[in-house]
A.B. asks: 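Below is a structure I'd like to ask you about.
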Amino acid sequence: MAPGLDFSNWWAKDTRKGTPVVVKIENPNYSVVEIDGPDAAFRPVEKSRGKNAKQLTWVLLLKAHRAVGCVASIATLLWALLGTIKRRLIFRQDVAMASEKLGKGKLLFAVIKVFLVTSLTILAFEVVAYLKGWHYFQNPSLHIPRTSDIQGLLHLVYVTWLSFRADYVAPPIQALSKFCVALFLIQSADRMILSLACFWIKYKKIKPTIEGDPFKSDDVEGSGYEYPMVLVQIPMCNEREVYGQSIFAVCQLDWPKDRLLIQVLDDSDDESIQCLIKAEVATWNQRGINIIYHHRLVRTGYKAGNLKSAMSCEYVQAYEFVAIFDADFQPNPDFLKQTVPHFKDNPELGLVQARWTFVNKDENLLTRLQNINLCFHFEVEQQVNGVFLNFFGFNGTAGVWRIKALEESGGWLERTTVEDMDIAVRAHLNGWKFIFLNDVKVLCEVPESYEAYRKQQHRWHSGPMHLFRLCIPAIITSKIATWKKANLILLFFLLRKLILPFYSFTLFCVILPLTMFIPEAELPVWVICYVPVFMSFLNILPAPKSFPFIVPYLLFENTMSVTKFNAMVSGLFKLGSSYEWVVTKKAGRLSESDLLAAAERESKTTNQLQIQRGASESEHTELNRLKEQREAAPTTVKRVNKIYRKELALAFLLLTASFIFFPRQMVKGTIQFNNQSFNFYISFEMPSNRLKFVHIWRVHTMHLCECDSMMLSVGK
C-alpha cells in the first residue's frame with residue numbers, strides 16, 4: 001500500500017491560504033497528494049511556542065542588563081576621556097613643556113599652524129559654498145554667469161577665489177606635485193633594486209667567509225693563528241642604567257688577556273655615576289681583566305672628541321685593531337673570533353661591521369616600528385652595499401676598525417654629530433674596503449619613548465646633510481673611480497639622505513592635504529595608495545612578524561617625516577640645531593631585571609664568586625641604596641607626558657585630508673561652447689557604478705563656467 005503523505009499535522013493552524021493544487025501521479029505506489037499554497041508550506045516554525053511568561057520575563061531582564069552594562073561602559077570611557085582632555089589641555093596637568101627648548105623648530109611649527117588654520121578656513125568656506133548651492137546651477141547646460149547671477153558679496157568672493165585658484169595657485173602646485181612624484185618613483189626604484197639584490201644574496205647564499213678555521217687547535221699557544229692586539233672601547237656619558245651590562249659583556253670576550261685592552265671612556269658629568277663606573281672598572285681589574293678607566297676633564301666634540309682623546313694615548317700604538325661598543329651593547333663572547341679573522345690576508349679591509357639586534361623590540365608600538373626600519377637597514381641596505389660595493393655607513397658601534405685605516409683617514413673629527421659616517425666616507429675615499437656580517441649580531445636597545453626617538457632621528461638626519469656640505473669638495477677631488485663618486489653623491493647622500501625626507505614631507509604632508517581645496521592638483525590613487533603600500537610590504541619583509549603593524553607603520557612614517565625634514569633642512573643650511581647632540585635615553589630594562597635576579601641568587605648563595613651577567617658589587621650597593629630611598633620616601637613619581645603639538649596638528653590635517661580626498665577623483669577635458677574652446681575640470685564621486693558630477697568649471701576671460709550636477713552611467 002502506498003504511504004500516506006499527510007502534511008496537515010505539520011502546521012499548528014488549520015487556516016489554509018492560497019489555491020489548492022491536486023497532483024495525480026501515474027505511479028500506483030503513490031496516492032493523490034494535496035498541497036496548499038506556498039505561503040503555508042514554507043511558513044517558518046514559531047520558536048516562541050512553548051515558552052511561558054516567566055521565561056520571557058527572564059530573557060528580557062537579561063537583555064536589559066546587558067544593554068545597561070554596555071551603556072555604562074561607554075559612558076565610563078567617555079567620562080574618562082573627557083577628564084583626561086580637561087586635565088591635560090585645560091589645566092595643563094602632567095604636561096611638561098621645556099621652555100628653553102620651545103624655540104627649536106619654532107619656525108616650522110609656526111608654518112604648520114598657519115597652514116592648518118588656512119586649511120580649516122578654506123574648508124569652512126567650501127562648505128558654506130556647497131550649502132549655498134553654488135555648485136549646482138539650475139541651467140542644465142554650460143553658461144557664463146552674468147552680473148545678475150552673482151548672489152551677493154560672498155558668492156563674488158567665491159567666484160574670484162576659483163578664478164585665482166585656477167590661474168595662480170593650481171599650476172605651481174601641479175608642477176611641484178609632478179616633481180615630487182618623480183622623486184618618489186626614483187626612490188622607490190632604488191629600494192626595489194636593493195630588495196632584489198638582497199633576495200639574490202639569500203638565494204646564492206653570498207656572505208663573507210673565513211678560509212679554514214684559525215681556532216681549530218685546542219692549544220692556544222700551538223695554534224696556527226697569531227692573535228693580534230685588540231683594543232676595545234666603550235664610550236659612555238651618564239649611562240647609569242646600562243653601564244654595568246656593557247662592561248660585563250665586554251669583559252667576557254673570548255680573547256687572550258695579554259692581547260686585549262678594554263677602555264671605558266666615561267664622559268659623565270655626574271660625579272655619582274663616575275664613582276659607580278670607577279668602582280665597576282676596579283672590580284673587574286682585580287679579577288684579572290686588562291681594563292682601564294678614561295675620563296676627560298673638558299667634554300668637547302661629544303663622542304668624536306671622546307674617541308679622539310682615547311686614541312691619542314701612547315699605549316694605543318701597540319694595538320692593531322679597535323672594537324667599539326656603545327654603553328647599551330652586549331657582544332657575545334665569540335664576537336672578536338667572528339670578526340677579527342676577516343682582516344687576515346686582506347690588507348685593504350678597514351672595517352668589519354656587525355648587525356644589531358634589539359632586546360626590547362616588542363616593548364611597545366614605537367619599538368616595533370623602529371625594529372621594522374632597522375631590520376631593513378641592516379638586512380637590505382648594509383648587506384647589499386657591503387657585498388656589491390664594499391662600502392656602507394659605519395653604524396658607530398658593534399664594529400672593528402683597523403687602526404691604520406683610522407689614522408690614514410684623518411682619525412676622529414669633531415666637525416659633525418655623525419662621526420661614524422664621517423670616518424667611513426673618508427676611509428672609502430682613501431681606498432679602504434668594508435665588510436658587513438649579517439650573521440654576527442650584537443644585543444642592544446632602541447628608544448622606548450617618543451621624545452628620545454625624535455631626538456635620535458633629528459641627529460641621524462641633520463648630521464648627514466651637514467657632512468655632505470663638508471665632504472663634497474673632497475669627494476669630487478678624490479682619486480677613486482668615477483662610479484664610486486657618483487654612488488657617494490647621488491645615491492648615498494642625495495637620494496637616501498636628502499630626497500627621501502624632502503619628497504615624503506612635501507608630497508604626503510603638504511600636497512596631499514592641499515588637494516582638499518585644489519582639486520586640479522589631486523594625486524593619482526597609485527601614488528597615495530598602491531605604491532606606498534607595496535613599498536611598506538618590502539620594508540617589512542626583513543621583519544615578517546611585524547606584518548600586522550603595516551598600517552600604523554605607514555601612518556607613523558608619514559608623520560615622522562616632519563621631524564626628518566626639519567632635521568634635513570637644519571643640517572643642509574647649517575642651522576643652530578644641526579650640531580645638537582643629545583644622548584639617547586636608555587631604559588636599561590634588561591639590566592634592571594638581570595640585576596634583581598642576580599641579587600636574589602646571591603642572597604641564596606652567598607659563597608658564589610662568579611659574576612652574573614653584569615650584576616657587580618658596586619651595582620648591588622647602588623641597588624640597595626635605591627631600595628632604601630624608596631622605602632624612606634614611598635611617594636610615586638608620575639611619568640611626564642609631553643604633547644607634541646607639531647605632530648598632532650599634522651596628524652589632524654592628514655586625517656582630514658584622508659576623509660575628504662579618497663572619495664573624489666578628477667577628470668580634465670575640453671568642451672566646445674558657442675564656437676569657443678573651454679578647458680574644464682570635473683570632480684566626482686563614485687557610488688557603486690555611477691559617477692556623480694559635483695563640480696565643473698573653467699575660467700575664461702575672468703568668467704566662470706558652471707553646470708548642474710549630472711549623472712553618467714558606467715558599464716551597463
Side-chain angles (χ1 to χ4, degrees), residues 96 98-104 232-248 250 262-285 291-313 324-329 396-397 411-420 422 444-445 447-449 451-456 458-460 462-463 576-589 591-592 595 614 616-619 621-623 625-626 629 637 639-640 642:
S99 59
E100 66 275 6
K101 298 181 181 179
L102 288 178
K104 301 174 181 178
V232 180
Q233 296 178 336
I234 312 176
M236 59 181 64
C237 179
N238 297 325
E239 307 282 0
R240 181 188 295 271
E241 296 82 7
V242 294
Y243 75 92
Q245 65 187 28
S246 61
I247 294 177
F248 168 80
V250 171
I262 301 174
Q263 282 184 320
V264 178
L265 311 179
D266 182 25
D267 253 6
S268 303
D269 53 7
D270 190 339
E271 294 183 358
S272 62
I273 300 178
Q274 295 178 18
C275 294
L276 289 175
I277 299 176
K278 287 180 181 179
E280 183 75 9
V281 172
T283 301
W284 285 102
N285 201 356
I291 182 172
I292 60 176
Y293 176 84
H294 181 84
H295 179 73
R296 296 188 300 163
L297 297 178
V298 180
R299 182 175 176 259
T300 59
Y302 303 116
K303 183 180 177 181
N306 197 3
L307 294 173
K308 182 179 180 181
S309 175
M311 294 298 295
S312 63
C313 299
I324 303 174
F325 300 99
D326 284 348
D328 60 317
F329 279 71
T397 179
W412 300 103
L413 299 181
E414 307 170 7
R415 56 182 182 175
T416 66
T417 57
V418 284
E419 74 293 330
D420 46 7
D422 188 4
C444 64
E445 290 186 18
E448 295 183 7
S449 65
E451 181 182 6
Y453 175 69
R454 184 174 62 87
K455 293 178 180 178
Q456 182 194 69
H458 185 277
R459 176 166 53 88
W460 285 4
S462 64
S577 60
S578 62
Y579 197 69
E580 177 186 8
W581 181 292
V582 179
V583 178
T584 304
K585 182 67 175 177
K586 313 296 191 310
R589 188 175 302 277
S591 175
E592 182 179 355
L595 188 60
S616 63
E617 297 176 0
S618 60
E619 286 181 316
T621 303
E622 178 68 14
L623 179 63
R625 186 179 64 84
L626 293 176
Q629 291 180 355
V637 180
R639 178 177 295 181
V640 176
K642 293 188 176 181

A.B. asks: Hey, are the side chains of H294 and Q233 touching, using non-hydrogen atoms and a 4.5 Å cut-off?
C.D. replies: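 No, every pair of side-chain atoms sits at 4.5 Å or beyond.
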A.B. asks: Rounded to the nearest 0.5 Å, how far apart are NZ of K308 and CG of L265?
C.D. replies: 15.0 Å
A.B. asks: Just to verify, what does D270 make a side-chain contact (heavy atoms from CB on, under 4.5 Å) with, not counting sequence neighbours?
C.D. replies: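 For D270, the residues satisfying side-chain contact (heavy atoms from CB on, under 4.5 Å) (neighbours in sequence not counted) are N238, R240, S272, I273.
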A.B. asks: What I want to find out is whether K303 reaches D326 closely enough, with some N-O distance under 4.0 Å, to be called a salt bridge.
C.D. replies: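 D326 and K303: salt-bridged.
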A.B. asks: Which pair of non-hydrogen atoms, one from S268 and one from Q274, has the smallest distance, and what is that distance?
C.D. replies: O-NE2, 2.6 Å
A.B. asks: Please confirm whether the backbone N or O of G305 pairs with a side-chain atom of S309, one donor and one acceptor, at under 3.5 Å?
C.D. replies: no
A.B. asks: Is the shortest heavy-atom distance from the side chain of E239 to the side chain of D328 under 4.5 Å?
C.D. replies: no
A.B. asks: Give the minimum heavy-atom separation between W284 and I247, together with the two atoms involved.
C.D. replies: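 Looks like CD1-CG2, 3.7 Å.
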A.B. asks: Can you tell me how far CD1 of I324 sits from CG of D420, rounded to the nearest 0.5 angstrom?
C.D. replies: 9.0 Å
A.B. asks: Between D422 and R415, is there a side-chain N and carboxylate O pair less than 4.0 Å apart?
C.D. replies: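 Result for this pair is yes, salt bridge flagged.
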A.B. asks: Quickly, which of D266, I277, N306 forms a side chain to side chain contact (heavy atoms under 4.5 Å, CB included) with H295? Name it, please.
C.D. replies: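 That would be D266; it is the only one of D266, I277, N306 passing the side chain to side chain contact (heavy atoms under 4.5 Å, CB included) with H295.
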A.B. asks: How about E241 and E445: do any of their side-chain heavy atoms sit closer than 4.5 Å?
C.D. replies: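 E241 does not reach E445 side chain to side chain.
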A.B. asks: Quick one: closest heavy-atom pair of A327 and I234, and the distance?
C.D. replies: CA-CG2, 4.4 Å
A.B. asks: If the condition is ring pair (Phe, Tyr, Trp, His ring centres under 6.0 Å), which residues does F329 pass it with, not counting sequence neighbours?
C.D. replies: W356
A.B. asks: Please find the pair of heavy atoms, one from G301 and one from E414, that lie closest to each other, and give the distance.
C.D. replies: CA-OE1, 3.7 Å
